[in-house]
Every structure is written in structure tokens, then in C-alpha cells.
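Taking it in order: structure first as C-alpha cells, then the write-up.
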Amino acid sequence: MTAGTGGGAVTAGTAAEGRFAVRRWSRTASVAAAGSVVAVAALAGVPYYAGTSAEQPLVTLFCLVALASLWNLMAGFAGLTSFGQQAYLGAGAYALYAAASMGLDPFAAIPLAAAAAGVLSLPVSFAVLRLSGGHFAVATWVLAEILRLAVTLAPSAGGNTGVSLPGVSGYDALLRQALTYWWALAVAVCSVAGVYALARSRFGLDARAVHSDPVAAASAGVAVGRTRRWAYCLSAFGTGAVGAVLFANTLYTQPGSVFGVQHSVAMMFMVVIGGIGTIEGPILGALVFFALQQALSGYGPWYLVLLGAAGIAITLFAPRGLWGSLAAPRGWSLFPIGHHISGTS
Amino acid sequence: METHPSRRAFLGVLGTAALTGCSGGLKESSGGTGGTIRIGYVSPRTGALAVFGESDDYVVGTVREAVRKGLTVGGRSYPVEIVTKDTQSSAARAAEVAAELIQRDAVDIVLCTSTPDTTNPVSDQCEAAGVPCLATICPWEIWAGGRGPFTYSYLYFVGSREETDVFAGLWRRLGGDHVVGGLWPNDVDGEVYRRFVTPKVKELGWRLADSGAYADGSTDYSSIISAFVKSDVDILQATPIPPDWVTFWRQAHQNRFRPKMVCVAKAMLFPSVAATLGPLAEGIVSPVWWSPSFPYKSSLDGTSARDLAQGYRTATGRQWTPPMGFNHGLFEIAVAALRASGDPKDKKAVAAAIGRQKGEAVSGRYDFTAGPMKNVSQAPDLLGQWRANGSGGHDLVIVDNSLEPAIPLQGDLRPL
């Protein structure tokens, strides 16, 4: 039995008369971890053996993987369904613009942009985390709209026209491409590995307790507010990094597009079809979303109709997402985050 | 960052090898790829800006036909291939497809058209990748603002400051003092008009009533209309998106707001909007970048402006649109620059050649050597007035040609 929440483990512990063992790792997990390291190393070499035509789509894919994992950190673990993560995408992009305008190297400034988004999310979290459920979702969306309007009304940030990334003209085209690619890969790997590590830690247990029942979690001694705040701010930090990488990739950003709610829709789509509350799910969801995007983009408006139809089909026939429906009945877990309890007496 | 030179050299060698390998594997044969001139064309075909790309199939079709036999440059003959991409009316998607054209399709030149959402991200991608780029249908001030320096990217279009001056000239024809009402939404065009018209009205010593930056897609304009009526606005200068203009103008009519002159940029460029308004379109003044009455012809095959519009009508049953002329002109300038480059595969040479181009396309005269700034050729902006044509529709009649007297006037300005 894999305990889905911290509560499950506690019950098992007190009810068990004899001795029992908690297993958190498996051979599959070791193989998956080793395989991931090899895969990341292989991907890191892409600029050397595959060239720019392979880099471009992979940058998009990596950003999607990062966004899905970060959204899952909030929605899948801490139970915060945000509809406004685009606020931090935009914050990251415009922070990168500000840093590059001041003469910093745009690629060196990406961590600064991410930090700026993370810092912004802290005061915001005090306001939005007072709400929950649908109210929280709407409040986060409103926040993104406020930021969009603020940028629109600021001529120094380019207003509605948008801005170009300064400081890239000195770069050789191939090197610029490769640096963008490596940054996107790094952000995706850090997001997935970071969420994995968090989910396996005490924080992960707290977060899932808060997700299941905040009142019960609080009475069991979990700091509900602090857990949610960490999830929210860390997710904002990572999303800010993605925003900066996307800007470095497109070289042009516009409030109407970077603060667009379609980003939240995409994050939700990827997490829900992949499998919420797992590490594998968002990655799978991002792959599916990316494949659909590539395959259907030629169909114009039909692309959105088909995407919607795929979403409906999966929620109807595989409500736990693709990974959830595939793995849970078979007991698969490449990146285990639960507590596997077995009696040893 | 100290390791730049060595890493750059290493990557350069490997990357170039990989790139050549990739494009060789993708296309017919490496020899064929090297010998074909590829032109990329980026425009909005779907989404909110689809009306701009409506005539693309026809325009690109005529260009394909005109260059079917290929181009001869520096004594060598090259077949020409045109690769088109749709931005889905999104700036992010525009950047993405531009990168695809550069990296996967390995195009020799990128053409992009219609609104800053297309021209700016595509120009940025080309500038960063060192690929020649030519843009149109974006006022040059918006294209150049806060960007640059430009080496590889060029723009051929009208300017907003000049357009404001032409409008002001028209207003002065009314005589006396006036109150100008500015209907400027919270978008790029609204911002630019506010920036240029506000000082212009002050210069004339008139009063200005600004609508405030309302959101695109608003459906209730009663407060703006009553503010305009209260300030005695008798000249309206508006840059709304087409559906908003239809809503606004109908509400204005219901509320008996009837200025002496109504100048509408953007929304009233397209005959389809005039058709939606019906009798309410009568007398509205709109900029004319291009019309079938322009006395120019294609430098590719000699097709006149009138025949281009007529051909479109015959092929699709639809009325001409202003972007047609400029989009066709873009290809003409590109072909002229490729010819003048000496080597169409040399990106630096092609980019430099665009900067030397000076001539005539179906869209009018272009001259990249004269300014208003480096890498920009400014097109003249004319004004037209929508008038009922006996057959139930409306035609845009040219009433001001002060910037290009070579284009004939078609009528006198009539106040509403």
C-alpha cells in the first residue's frame, strides 16, 4: 500500500501491532534516477551533435515541463489551484528586461529575474493565500491582470508594444541558441528535481496533508500557512525563471502575450492529462501537450478544438490523468514520493 | 564568460557542421539546397488579425507564378521557393515560426507583415540570427522604437507622425477652431496616436478631449460619447479595432453624436468593416496606404495595381484589401535586393543590398537610402473618404494626396 497522504502513514503506524517497515525507494526508482541522469547528459549534448533545428522545439518542451512541474507543486501537492502563474512568467521576463537594460549580460541575469519573481510573490502570497479554492484561483488571475495593466501603462517597460531583449546582438547566433537551450534544460531539470526532492521531504508530507484536509493538518501540527506559502513562492520563483528563458528565446515580449491566461490553461491541461500529484504526470502531460501542439498547429482554430476534445476525453476516461491511470493499478512508480508500508513480523 | 572565444569557436565549427548536415538531410539534396533561393513569409492568417492575411494566398500565388522560372544573380540561375508561416496573431508564435524559418527551412531572407505583433518579434529573431529581414505594415516609429541598432532588418511602411500631419492638414481645411475628440484604446495604436495627436492639437491651438485608454473589446461607450458631446467635439480621431468601431459608431449615432469630420485609422481600412456599417460608413475618413487606383505596377511581371485587385476579386470573389499592395511590394523589394546582392546565399550581402534599394513596386515608390532613419523606407500616407458607390456598397475615394501628388485625387473632401 502506498500512502497517498501523511495521514495514511500515521494511521498505519498506530494501528499496527507488530513491527513494520516503511519503504521509500525501489530498484525501479534507482533505474529511473540513473536513466534520468543519462538522458539529461544526452540532452545537454544536443547543441554539439544535433544543431539548432533540434534545439528550438526542445526549448519549448523544456519550458513546458518546468511549467507543468511547478504548477503541480502548488495544485498537486499543496492544493493551490492557481489561475495566475502567468503573473510570474511576465515578472521574470520583465525583470530580465530591466536587468539587461542596465547592461547586465542577459544570460547571466536569468537567475536574478527568477529571484525577482520569487521576491514579488512573497508579499502577494500574504494577500492571495487568505483565500482558498475558486476564490484563490480568481485572485491569482486578477493579480496577473493587474501586472499586465501596470506594464501596459508603463512607457518605460514598452507599454503595450512590448520590448526587445537588449544585449544579445553581441552574441554569435549559434552560441546564443546553445546558451538558451542549456538554460531551458537547466530550468526544467531543476524544476522536476526540485519538486521531486520537496515531495519526498517533510515538506511534501506537510503539503499533501494540507491538500487533503487543511483543518486536520493544522490540528496534527502542520504549519498550514507556511507550507502553502513555500509552495506558492517556490513555484513563482521557478515560473519566473521560465519567463526569463522564454524571453531569451523569443527575444521579444509583450504584456498581452506573456501575461495571457492561456499559459495557465496550458499548465492545467498538462498536469491534469498527465496525472496530478505525481512527478511523472506533469512530464508526460508536457510531452503529450507538446506533441499535440506540433501535430495540430497546422489546423488553425481547429487546433484548440482538438486540444479541448483531448482534454475532455482524458478527464472522462482517465480521471487520474494518463500516468495515474497507467501506473497506479500496476503499482509503477519511477519517482516514488509516497511511503510504502509493509509488515515484517 | 571568459571562455567565450574558445567555446564559441568550438560550437561554431560543430554547429555549422551540424546545421549543414541537418539541412542537407532534410531537403532533396545538399546541392539542390545550396542552389535554391528560399524566401520565408510570416503573416497572421488566423486569429484576431486574420483580416490582414486574408489576401496572402492570392498574393503569394502571383509572386510564385512571377518567379517560377527562378532568378538569375551574378550570372547564375537559382530556383525560388517561398515558405509561408502563420503567426496565429500571436507575437510569441511569430518569434517561434521565424526561428523555424531560419533554422529548419534555412531561408535566405525573411519577409514579415501586418502589425507590430508580427514585425517586431520576427525582425528581432532575424537580427539576432543574422538573416536579412524585410517588414511592412507597422508604422516605422512603432517598429524602431526602443529597438535596434538594425543591421539585417528593414522596414518599408508609412509613419504615424506623418499620418498625424496629414490628418491635421485635412482638419484645417474645415476652417476656424475645433475640438478634437480622441478615441484611443489601450493598445499599441492607441498609444501611438495619443503620443502624436495630442501635441499636434495643442500646436493648432485647439482643444482635445481624450477618451482615456479604454480596453479593446469594450461594449459600452455611452460615457465616452457623452464626454465628447459635452466638450463639443466636432472632429473625431479614432484608432479602434474593427468590432469596437462598429459598436462605438452605432452608439454615437443613437446618441446623436455627429462630428463634422470623422477620421478612423485601422478599423476603417478594410472594405468589410464599411460593409458592416452600411449607410453609417458614409463620409468616414481613413488612411489609404494602397488602393487599386495607385498608378504603379509590379516590378516582377508588370501587373498594374488595378489588375492585382481585379485578379483577387476574380479568384476569390472578395474586394481588395490595403495589405495586398504592400505584401506584394515586399516580395518585389526582396527580389530586387537578392538580384543586387551578387550572391543570394551571402546573408550580409543581401542585407546590405536591401539598404541600397530604390525603385517602384506595385505599392508605390520605395527608397531605403533616404531615411527617415537607417533601414527604413517611408511610404507616403494618403487619405480617403468612404462613399456610397451606386451598387449598394462603399468605396474609399482618395481625397488627400499631399504626400504623393503622383497618385491622383478621386474626389473632394465632403464634411459629414
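In what follows, chains carry the letters A, B, and so on, assigned in the order in which the sequence lines appear, proteins first and then strands, with residues in each chain numbered from 1.
A donor and an acceptor atom, one from each side chain of A:Tyr171 and A:Asp105, are located under 3.5 Å apart. A donor and an acceptor atom, one from each side chain of A:Gln86 and A:Ser264, are located under 3.5 Å apart. Between the side chains of B:Tyr41 and B:Asp56, a donor-acceptor pair is found at a separation under 3.5 Å. Remark: the B:Glu96 side chain and the A:Thr250 side chain contain no N/O donor-acceptor pair separated by less than 3.5 Å.
When ring centroids are compared, A:Tyr181 and A:Phe62 come within the 6.0 Å threshold.
If you measure heavy-atom distances from B:Gln125 to chain A, the contacts under 4.5 Å come from both the backbone and the side chain. In this structure, no portion of A:Glu55 lies under 4.5 Å from any heavy atom of chain B. Using a 4.5 Å cut-off between heavy atoms, A:Leu246 does not touch chain B at all. Interface remark: B:Arg93 contributes side-chain atoms only to the contact with chain A (heavy atom separation under 4.5 Å).
Your options are B:Ala128, B:Pro116, B:Ala95, B:Ala91, and the one with the most heavy-atom pairs under 4.5 Å with chain A is B:Ala128. Chain A forms the most heavy-atom pairs under 4.5 Å with one residue out of B:Val192, B:Asp189, B:Thr151, B:Asp187, and that residue is B:Asp187. Interface summary for chain B: among A:Gly260, A:Ser164, A:Gly158, A:Ser257, the most heavy-atom pairs under 4.5 angstrom belong to A:Ser164.
Side-chain contact between A:Pro166 and A:Pro106: absent, with no pair of heavy atoms (C-beta onward) separated by less than 4.5 Å.
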